[in-house]
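The basis for the numbers below is simple: all heavy atoms, side chains too, and nothing from hydrogens, waters or symmetry mates. Keep in mind it's a predicted model, so treat the numbers as computed, not measured. Proteins get letters first, then strands, A, B, ... in listed order; numbering begins at 1 in each.
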Protein chains: 2
Amino acid sequence: MAANNDDVFSTLIRKLGRLAELDAADVQAIRELPFQIKSHDANDFLVSEGDQIVNCCLLLDGYACRHKEAGDGGRQIVSFHIPGDILDLQHLLLPRADHNVQTLTPATIAWIPAARIKALARARPNIGDAVGRDILIDASIFREWVLNVGRRDAKTRIAHMLCEFLARRQAAGLGSPERFELPISQEHIADATGLTAVHVNRMLHALARDGAIVRNRRDLRIADWPRMQRVADFDAHYLHAAA
Amino acid sequence: MAANNDDVFSTLIRKLGRLAELDAADVQAIRELPFQIKSHDANDFLVSEGDQIVNCCLLLDGYACRHKEAGDGGRQIVSFHIPGDILDLQHLLLPRADHNVQTLTPATIAWIPAARIKALARARPNIGDAVGRDILIDASIFREWVLNVGRRDAKTRIAHMLCEFLARRQAAGLGSPERFELPISQEHIADATGLTAVHVNRMLHALARDGAIVRNRRDLRIADWPRMQRVADFDAHYLHAAA
DNA sequence: CGTAGGTTTGACTGATCTCAAGTTTGGTGG
DNA sequence: CCACCAAACTTGAGATCAGTCAAACCTACG
């Protein structure tokens, strides 16, 4: 994807505008942000645990995830990211990365100096609120993931993860809610749900048998959204209507 | 515990001062915050999921936790809190609670209007940074919990939870790092680690057999802190040196 | 001293993992 | 355009970690 300046600003303004009311001066201030656009391959590391971070990345196109590693080598994905997401807003105040950020697909990223975003958030209360809300919703999603991984059985857990992905895509105005191509492998689903890829595969088949989804490899269709939500124990309130 | 105004301010100033440099004007501004002190019994709900929140609670004395419930009734604790912690800073920007907050022991709480904290954080950059860091470290801990619950086996998981609890108590300057009385039951540990109380009990015995801890009911002693950290796969970097 | 909540122990069950072997698919180079 | 390859997906069989159920056993507190 060839991204230009306007893509960056319109993406950013759309994102922040969903989180708080922005006035003309806010929009103007955002348009003065410096940035650098880069294309990345799938599976590129954007941030590695322990890195000292000075730029935040705005995902313009493609998908990414954040993950951590356990001592025994087990990998845990802690969040998925869709176009429009600003990754690593935490580095506005915490200099060192406590996790990795990696692309899932080829991706276009706008790198923006964290200090500039911080200054902007401080100077313009609406933008500060939007950034703050984004950070807090992020945290709310982590809490839901702790619940998901800690207390739901495999089938429910996977279904929940899919529902969240779908709901966030929809909220961001990306593509159809009923049918889409998963940008992630079953291995990724396993790493996000604390399961093994083999078991994920079995449970996806079980979800299809239950009539909650229709699926062929990564091509996914939600047969019945209310039923899917029930199966998934999914209630979108934790997304605070704006993830 | 009979708390007075000075306890509230000194607790708050100590807490925020660990997160950012505060100058005299910051301290003065904090001292102008209004609040209301209340005593709570053990197991009191301070916040219930769905509540519209206007006050943040500063935990002056006692212990508390935040938890969510799955559709099948399973409970997942998502964080533990120790004296000095400010609970629910998320309500500075998100009006509805997405989880419950409950005391674990009898507790003394200072209730502070969220709007006042928000105004203070906006007016005084140092305080804004401190509050922001607290929120971000909170989120970092959630990420670690996702990893803990998702990818570590039962023994490691419990050990990790204990290490974190210990490390945070120590960072807050509370009591001895080697020996302390757990303010939580094995049921609580189970709800925090996504296990059952029965299995928690067995794993605590296993940790004792391994020589990592010495324990009699809730009286806990870390026999060998380096060994305990190894057993727990614990590395405090995710606490960003100030939880 | 009786009771309730918490802890401990045992025997059995079951969800998920592990290991191992195919199968399908999309991409790459001839 | 076809052949091949690597990655992802699929399926089966057996092992294991953690759950379930049930019963004692403490111990603090009223």
Side-chain angles (χ1 to χ4, degrees), chain A residues 41-43 63 70 72-77 102-106 148-159 161-162 181-210 213-220, chain B residues 41-44 63 65 70 72-77 102-106 148-162 181-210 213-220 231:
Chain A
D41 291 333
N43 305 314
Y63 292 86
D72 67 357
R75 189 175 85 144
Q76 178 68 46
I77 292 177
Q102 198 176 8
T103 56
L104 292 161
T105 62
N148 200 40
V149 172
R151 282 293 180 224
R152 295 196 180 106
D153 67 21
K155 192 158 71 173
T156 314
R157 210 184 287 183
I158 293 165
M161 191 232 95
L162 293 174
E181 179 93 8
L182 275 180
I184 55 178
S185 68
Q186 294 177 8
E187 186 85 38
H188 289 124
I189 299 179
D191 283 346
T193 51
L195 299 165
T196 56
V198 171
H199 201 56
V200 166
N201 182 271
R202 293 194 230 271
M203 293 299 105
L204 285 173
H205 281 272
L207 284 169
R209 233 180 298 114
D210 293 353
I213 63 175
V214 178
R215 188 188 60 93
N216 186 275
R217 297 201 146 226
R218 297 191 184 183
D219 176 40
L220 187 68
Chain B
D41 291 333
N43 305 315
D44 260 17
Y63 292 87
C65 71
D72 67 356
R75 190 174 84 144
Q76 178 69 45
I77 293 176
Q102 198 175 8
T103 57
L104 292 161
T105 62
N148 200 39
V149 171
R151 283 292 180 225
R152 294 196 181 106
D153 66 21
K155 192 158 73 172
T156 314
R157 209 184 288 182
I158 294 165
H160 192 280
M161 192 233 92
L162 292 173
E181 180 91 8
L182 276 179
I184 55 177
S185 68
Q186 294 178 7
E187 187 85 38
H188 288 125
I189 299 179
D191 283 347
T193 50
L195 300 164
T196 56
V198 170
H199 202 56
V200 167
N201 182 270
R202 292 195 232 270
M203 292 300 106
L204 285 173
H205 282 272
L207 284 168
R209 231 181 299 114
D210 293 353
I213 63 176
V214 179
R215 188 187 61 92
N216 186 275
R217 298 201 144 226
R218 296 192 184 181
D219 176 40
L220 186 68
V231 169

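Closest contact between the side chain of A:Asp153 and the listed nucleotides D:dT20, D:dT10, C:dT16 involves C:dT16. In this structure, of D:dA8, D:dA18, C:dC17, it is D:dA18 that holds the atom nearest to the side chain of B:Leu195. The listed nucleotides are C:dT8, D:dC9, D:dA18; the one nearest the side chain of A:Gln186 is D:dC9.
Look at CG on B:Asn216: it is 11 Å from C1' on D:dT27, rounded to the nearest Å. One can place CZ of B:Arg218 at 18 Å from P of D:dC26, the figure rounded to the nearest angstrom. Atom C1' of nucleotide C:dT8 and atom CD1 of B:Ile189 are separated by 14 Å, given to the nearest angstrom. In this entry the distance linking CD of A:Glu181 with P of D:dC9 reads 11 Å, nearest Å. The CZ-P distance, from A:Arg152 to D:dG19, rounds to 17 Å in whole Å. Whole-Å rounding puts the B:Ile158 CD1 to D:dC17 C1' distance at 13 Å. Distance, A:Arg157 CZ to C:dA15 C1': 10 Å, rounded to whole Å. Atom CG of B:Asp72 is separated from atom P of C:dA15 by 14 Å (rounded to the nearest Å).
Side chain of B:Thr103 to main chain of B:Asn43: a donor-acceptor pair is present (N/O by atom type, distance under 3.5 Å, no hydrogens or angles). For the pair B:Asp153 (side chain) and B:Thr156 (backbone), a donor-acceptor distance under 3.5 Å is present. Side-chain atoms of A:Arg218 never come within 3.5 Å of backbone atoms of A:Glu181 as a donor-acceptor pair (strictly under, hydrogens ignored). In this structure a side-chain-to-backbone donor-acceptor pair under 3.5 Å is missing from A:His205 to A:Arg202.
Close to D:dA8, at under 4.0 Å from its OP1 or OP2, lies no side-chain N or O of A:Ser185. Between B:Arg202 and C:dT7 there is no side-chain polar atom (N or O) within less than 4.0 angstrom of OP1 or OP2. Between B:Asn201 and C:dT7, a side-chain N or O to OP1/OP2 separation shorter than 4.0 Å is absent. For C:dT7, neither phosphate oxygen OP1 nor OP2 lies less than 4.0 angstrom from any side-chain nitrogen or oxygen of B:His205.
Salt-bridge annotation for B:Asp191 and A:Arg151: present, with a side-chain N of the basic residue lying under 4.0 Å from a carboxylate O of the acidic one.
Using a 4.0 Å heavy-atom distance criterion, B:Arg215 is classed as a sugar-phosphate-only contact. In this structure, B:Gly194 reaches the sugar-phosphate backbone alone: every heavy-atom distance under 4.0 Å involves primed, P, OP1 or OP2 atoms, never a base.
Between A:His199 and B:Leu204, the residue whose closest nucleotide on DNA chain C is further toward the 5' end is B:Leu204. Between B:Ile184 and B:Arg151, the residue anchored closer to the 5' end of DNA chain C is B:Ile184, taking for each the nucleotide with the nearest heavy atom. When each of A:Asn43 and B:Val198 is assigned the nucleotide of DNA chain D with its nearest heavy atom, A:Asn43 is the one assigned upstream, toward the 5' end.
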